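A short write-up of the structure that comes next.
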Number of protein chains: 2
Amino acid sequence: MTNHVGTAEPHAWQTGPLPAYPQADQTGLHAWQTVQALQNGENNPGAGPRAWQTVLDYIESLLQRGTLAPGDRLPGERALVAQLGVGRSSVREALRVLDVLGLIHTRSGSGPSSGATIVAAPRGGMSALMRLHVAVNGFPVADIVRTRLILETAVAIDLAGATPAPTLDRAVAHLEAMDDPALRAAEFLEHDAAFHLALAEASGNQVITATMAGLRSSIENYALVGTTRLPDWSATASRLRVEHRGILAAITARDTSAAGSLIHQHISNYYKETFGATPPSGSPAHPGATTPTTPPPGDTAHG
Amino acid sequence: MTNHVGTAEPHAWQTGPLPAYPQADQTGLHAWQTVQALQNGENNPGAGPRAWQTVLDYIESLLQRGTLAPGDRLPGERALVAQLGVGRSSVREALRVLDVLGLIHTRSGSGPSSGATIVAAPRGGMSALMRLHVAVNGFPVADIVRTRLILETAVAIDLAGATPAPTLDRAVAHLEAMDDPALRAAEFLEHDAAFHLALAEASGNQVITATMAGLRSSIENYALVGTTRLPDWSATASRLRVEHRGILAAITARDTSAAGSLIHQHISNYYKETFGATPPSGSPAHPGATTPTTPPPGDTAHG
DNA sequence: GTCACTATTGTGGTCTGACCACAGTAGCAC
DNA sequence: GTGCTACTGTGGTCAGACCACAATAGTGAC
């Protein structure tokens, strides 16, 4: 009853199962120790691995060999204490990390749904990571915007060229929600972000989706403050609505070049208008625009 | 003596200081609660914020308003206990999260260098996040490679077009290190990864650098296993050396188109060769290659 | 037998207190 | 001055005790 870890087969990777997954690095260092060593810039001699690292290593090894998969339950905290010979507080520190990283989800109480369950929710962890690193100026906002430019342009091009044409229902829904004139700036921005995120989701790339969620979340407060600087938020909102329609229209029309150009300009212009700064380069020549398609500046893309 | 939190002015953002940084969301929910709520998909009614979230919120607010900046020391754990009215274990859970995320660095002992210090080391956290999410199949390896394709292509184009020409000393150093014929596969891959990372660093984008470090780390073990599948690792290594030289040469020659094409093919081919799978699309047409420059396939780029 | 209530059990969440190893620093003996 | 020693404050860890909570087993009334 205490052994939640089943005997499930290792999950197959997209291109087929790996015959033998390496259990540890060739160096003999566990991954978490490596991370710590890199961060500390020292060898930490004589000191054994931290107790919480032991727990983290153990759980990671279970994940890597497929013993634990999404939906499975972790052994209880007290069971881990007994298995690994560490204190419960150390176990809880490790579980807390996995929690914030979006890998587990804990529930109190009894029954089959209680305890820590493996999930795969990278967005929360990515958002926390990026938001905090923006807060300590490790991630300059300009770099965040530059990265958005690169990823979103690639996503737009990908969507426009994808076969079969991707489903964009969710993006459209947020587009229409933004049409409500009674929307406050914060609410508008929420749908705005959701629209961009929906495009990433439509591309089907989990990594880009999570990354974009993190990028957006990290500058959420900046964007909100930025609206108060604009001379005329209403006018800006109108322009954004038009640009969004244009981007969507280009994707639907399977015009990769226009899609890339439009979304690049969309982000770049908004950044410039909001912060009055020189727009970050992103990439010097936005992709697919070697022969720049004249983008429809007006409402030609409506409906 | 116990108050490590100074009265430093808020750090200026690149485009100038923000006049008034919002202290909390308009919704009244703290960021961490929002993350939790999203992950849980529930409101968690009646239950107050978790104790460790309180600590995390507090520290994040200190970071956001600039009261804490890199190099500063956090209040001691026992001081936080007294300030926030939570137990020390809860404080430690929060600090552990910040530790793994690469935001603080803790040292035992006494003196001015002891305690938890604010740092900005996103790489470790990004690596941990991505590595674990690959382990639970939340991040398919194909998506990792696709994202690498997009980011590295953009980086290469950026570097080739940057003025003044960026310094590529570190990348060159790893290039030369890879020439050692006595290198084992694992060591070669280490320099290989370092080379690609050095390019990202040269672009000056902190976000991309950290992201690429995470992407690489997340599939490190896969790459290592992959080498054992290759029919002739030595031949592959030779080809990789040539391709690396070609990429560097294109950047040095300020040929944005070739730089983008070459690095795109480089990554795509290696993925295909190693895993024998259909190479991920990345972006349908690699940027800047609308008029494809015939890349030098041989060693024309040596030196 | 069926139903409603209650006690039990097992989960995470938290706090408290106690040690330990460690690294500076102050104090003292010389 | 110099060198040793004790002290102090730091994070790291463990053990134990509660609590709230949710499912379940058990118990009783009907």
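Small disclaimer: the values here were computed from a predicted structure and weren't measured. To find a chain, count down the sequence lines: A is the first, B the second, and so on, and within it residues start at 1.
A:Leu56 has its CG atom 12 Å from the P atom of D:dT13, to the nearest Å. Atom C1' of nucleotide D:dG9 and atom CG of B:Leu74 are separated by 16 Å, given to the nearest angstrom. Rounded to an integer number of Å, the gap from NE2 of B:His105 to C1' of D:dG12 is 15 Å. The interatomic distance linking A:Leu95 (CG) with C:dG13 (C1') rounds to 12 Å, in whole Å. Per the geometry, CZ belonging to B:Arg92 stands 14 Å off P belonging to D:dT10, to the nearest Å. Atom CD of A:Glu77 and atom P of C:dT14 are 10 Å apart (whole Å). Taking atom CZ on A:Arg107 and atom P on D:dC21, their separation rounds to 13 Å, with Å as the unit. With rounding to whole Å, A:Glu93 atom CD is found 16 Å from C:dG12 atom P.
Taking the side chain as every heavy atom from C-beta outward, A:His196 and A:Arg148 approach each other to under 4.5 Å. Counting only heavy atoms from C-beta outward, the side chains of B:Leu189 and B:Glu220 never approach each other to under 4.5 Å.
Regarding contacts with the backbone of C:dC15, a side-chain N or O of B:Ser90 is found under 4.0 angstrom from either OP1 or OP2. Close to D:dT13, at under 4.0 Å from its OP1 or OP2, lies no side-chain N or O of B:Arg88. For the OP1/OP2 pair of C:dC22 and a distance below 4.0 Å, the side-chain nitrogens and oxygens of B:Ser114 include no atom meeting the criterion.
Between A:Val81 and B:Ser110, the residue anchored nearer the 5' end of DNA chain D, judged by the nucleotide with its closest heavy atom, is B:Ser110. Mapping B:Gly111 and B:Arg78 onto DNA chain C via the closest heavy atom, the residue that lands nearer the 5' end is B:Arg78.
In the set C:dT14, D:dT13, D:dG11, the nucleotide with an atom closest to the side chain of A:Ala51 is D:dT13. Here C:dG13 is the nucleotide among C:dG13, D:dA22, C:dT14 with the atom lying nearest to any side-chain atom of A:Ser108. The nucleotide whose nearest atom lies closest to any side-chain atom of B:Ser89 is, among C:dT11, C:dC15, D:dA22, C:dC15.
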Run the side-chain contact (heavy atoms from CB on, under 4.5 Å) test on A:Glu201 and A:Arg170 for me, step by step, so that the C-alpha distance in whole Å, both residues' side-chain angles and the decisive distance to 0.1 Å come before the verdict. CA-CA 9 Å; A:Glu201 282 176 350; A:Arg170 296 188 52 184; 3.0 Å; yes

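Within the nucleic acid shown, A:Val86 comes within 4.0 Å of sugar-phosphate atoms alone, with no base atom in reach, counting heavy atoms only. When heavy atoms are screened at a 4.0 angstrom cut-off, A:Gly109 is found touching base atoms of the nucleic acid.
Interface remark: the A:Arg50 side chain does not form any donor-acceptor pair with the D:dG11 base, using a distance-only criterion of under 3.5 Å.
A:Glu60 has a carboxylate O that lies under 4.0 Å from a charged side-chain N of B:Arg131, or vice versa, which qualifies the two as a salt bridge.
Taking CD1 of B:Ile208 as the reference point, atom CD1 of A:Ile144 lies at 10.5 Å (rounded to 0.5 Å).
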